[in-house]
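Letters go in sequence order (proteins before strands), and every chain restarts at 1.
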Number of protein chains: 2
Amino acid sequence: MVTTRDRIIVATNELFRRYGYNGTSLSQISEAAEATTGSIYHFFPGGKEALGVAVIDTTGAVYRELFESIAAEHPDPVDAFENFFDSAADVLEESDFVDPCPIGTIAREVANTSEPLRRAAERAFSSWIASAENYLINSDIDPDAADDLATMFVATVEGGFVLSRTLRCTDPLRAIALHVVAAVSAAPRTTHATLAE
Amino acid sequence: MVTTRDRIIVATNELFRRYGYNGTSLSQISEAAEATTGSIYHFFPGGKEALGVAVIDTTGAVYRELFESIAAEHPDPVDAFENFFDSAADVLEESDFVDPCPIGTIAREVANTSEPLRRAAERAFSSWIASAENYLINSDIDPDAADDLATMFVATVEGGFVLSRTLRCTDPLRAIALHVVAAVSAAPRTTHATLAE
DNA sequence: GTCTATAATTTGATAGAC
DNA sequence: GTCTATCAAATTATAGAC
């Protein structure tokens with residue numbers, strides 16, 4: 001069942017992807033969500049800022065789960081990261097280069113003006129890094145290397161989105177994918193004790 | 001001689017770094033630049049958008065020149081990239097995590113609403129990639145590898161800024177630097193014909 | 001080139017009926 | 001929970017004197 005609250009969050013997410021946080025007005029949200037400002041303030045008494053936090057938390061979890069579902073289908077991390085970047089490039093192109101995710105944009109807009117929003121973005125980024133790190137360790141990448149690798153992965157996703165979206169071309173995203181994959185390939189593996197020892 | 005036009009551009013750049021494009025008002029700019037709105041419109045008849053384009057073009061050139069001056073001092077690309085990321089991390093920390101550069105933020109805010117601003121950001125990114133590629137080729141990196149490497153460099157800078165600024169910690173930037181440096185080290189070199197042949 | 005004054009619109013947010 | 005009406009403040013931009 002789609003509640004009014006859900007409709008507001010989904011519509012706001014779509015608007016933030018296109019216009020960012022400061023570029024989206026409550027009247028736009030009201031219209032797109034088919035909910036009056038009274039309704040918006042009923043569900044989000046904290047106003048636009050509280051709504052923004054809810055959008056970031058929701059979208060952050062969706063993207064973490066997307067990564068984890070791709071990871072679950074690809075035991076080899078090289079395959080998983082290749083697949084993730086390929087999918088991201090396809091989605092970007094099909095959407096006519098609308099940002100796939102509003103979190104990075106909002107993070108940059110409000111990092112110096114809203115602690116609640118900044119901390120929501122921090123939660124999202126940290127959860128992605130932790131998820132990627134966990135997957136890498138379970139795929140026998142050395143734990144000491146996994147953290148840096150996961151951090152670099154999230155950074156390149158963010159950087160790739162900005163470049164590809166601004167240049168309106170998926171080449172940057174695909175060039176970056178090659179290097180992330182190379183870094184994963186080159187990473188030291190966990191050495192397991194064998195039965196023969 | 002510092003002209004009024006210069007003052008407006010510098011002040012706007014500082015405000016955009018902190019609050020983004022949509023988060024900065026003309027009244028803030030007027031106050032920070034010590035110039036009335038009449039003056040702002042005198043120098044930028046196209047209003048806020050035209051001023052934004054001027055800011056992006058100016059800052060884009062400044063950062064390209066910064067990279068080129070670091071490159072000129074370090075013949076070995078590994079040293080150059082290491083130095084660049086180290087400096088960036090230091091600057092970010094010293095400024096209490098204010099964005100060092102407004103271009104990526106503006107690019108994400110307006111990519112779907114202002115073609116003049118989007119194209120200005122595209123010019124800046126492309127000039128950085130071209131500059132890094134040119135330097136890599138002159139440092140005997142294989143030209144086929146140099147383009148992808150330069151693209152990845154710019155993407156990781158952008159991604160590293162978002163992560164480190166949002167997490168208020170330079171670790172991401174430093175983790176990323178390690179991987180960029182590793183990618184440069186692993187890149188194929190140009191094989192030169194020698195006199196002995 | 002710089003100034004003040006102001007137009008026209010939109011912003012985020014609230015009050016109170018139903 | 002949803003609605004309409006409305007507030008005060010801020011927004012970009014312009015006009016015209018100096």
Side-chain angles (χ1 to χ4, degrees), chain A residues 1-56 102 105-106 109-118 120, chain B residues 1-56 102 105-106 109-118 120:
Chain A
M1 177 206 166
V2 179
T3 65
T4 302
R5 190 176 188 278
D6 291 340
R7 260 187 2 258
I8 293 170
I9 290 197
V10 169
T12 305
N13 187 56
E14 293 295 305
L15 289 165
F16 282 176
R17 285 174 51 199
R18 284 172 177 75
Y19 314 119
Y21 179 80
N22 289 316
T24 300
S25 70
L26 284 180
S27 57
Q28 279 178 288
I29 294 170
S30 170
E31 190 187 348
E34 295 183 272
T36 61
T37 56
S39 277
I40 296 174
Y41 277 88
H42 171 73
F43 289 107
F44 304 95
K48 192 182 177 184
E49 187 178 53
L51 172 54
V53 169
V55 166
I56 292 177
T105 310
I106 302 177
E109 286 183 88
V110 303
N112 291 281
T113 52
S114 165
E115 267 297 284
L117 285 168
R118 198 217 104 227
Chain B
M1 177 206 167
V2 180
T3 64
T4 302
R5 189 177 189 278
D6 291 340
R7 263 194 353 263
I8 294 170
I9 291 197
V10 169
T12 305
N13 187 56
E14 293 295 306
L15 290 165
F16 283 175
R17 284 173 52 198
R18 284 173 178 72
Y19 313 118
Y21 179 80
N22 290 315
T24 300
S25 69
L26 284 179
S27 57
Q28 280 178 287
I29 294 170
S30 169
E31 190 186 348
E34 295 183 273
T36 61
T37 56
S39 278
I40 297 173
Y41 277 88
H42 171 74
F43 290 107
F44 303 97
K48 191 182 177 184
E49 187 179 52
L51 171 55
V53 169
V55 166
I56 293 176
T105 310
I106 302 177
E109 287 183 86
V110 304
N112 291 281
T113 50
S114 166
E115 268 298 283
L117 285 168
R118 198 217 102 227

(request) Find which nucleotide of DNA chain C each of A:Ser25 and A:Thr37 is nearest to by heavy atoms, and output the residue with the more 5' nucleotide. (result) A:Ser25

(message) At 4.0 Å (heavy atoms only), tell me whether A:Ser30 reaches a base, stays on the sugar-phosphate, or touches nothing.
(response) nothing

(request) Please report, rounded to the nearest Å, how far the C1' atom of D:dA10 is from the NZ atom of B:Lys48. (result) 12 Å

(message) Looking at A:Thr36, I'd like to know whether one of its side-chain N or O atoms comes within less than 4.0 Å of OP1 or OP2 on D:dT4.
(response) no

(request) Determine: side-chain N/O of B:Thr4 to OP1/OP2 of C:dT2, distance under 4.0 Å, yes or no. (result) yes

(request) Tell me what B:Tyr41 touches on the nucleic acid: a base, only sugar-phosphate, or nothing, going by heavy atoms under 4.0 Å. (result) base

(request) Working to the nearest 0.5 Å, report the span between NZ of A:Lys48 and CG of A:Asn22. (result) 5.5 Å

(request) Quick one: pull up CZ in A:Arg7 and CD1 in A:Ile40 and give me the separation to the nearest 0.5 Å. (result) 10.0 Å

(request) Would you mind reading off the distance between A:Ile29 atom CD1 and C:dA13 atom P, rounded to a whole angstrom? (result) 10 Å

(message) Classify A:Gly47 by what it touches in the nucleic acid, base, sugar-phosphate, or nothing, heavy-atom distance under 4.0 Å.
(response) sugar-phosphate

(request) Ignoring backbone atoms, test whether B:Ser39 places a side-chain nitrogen or oxygen under 4.0 Å from the OP1 or OP2 oxygen of C:dT2. (result) yes

(request) Starting from P on D:dG1, measure out to NE2 on A:His42 and report it in whole angstrom. (result) 4 Å

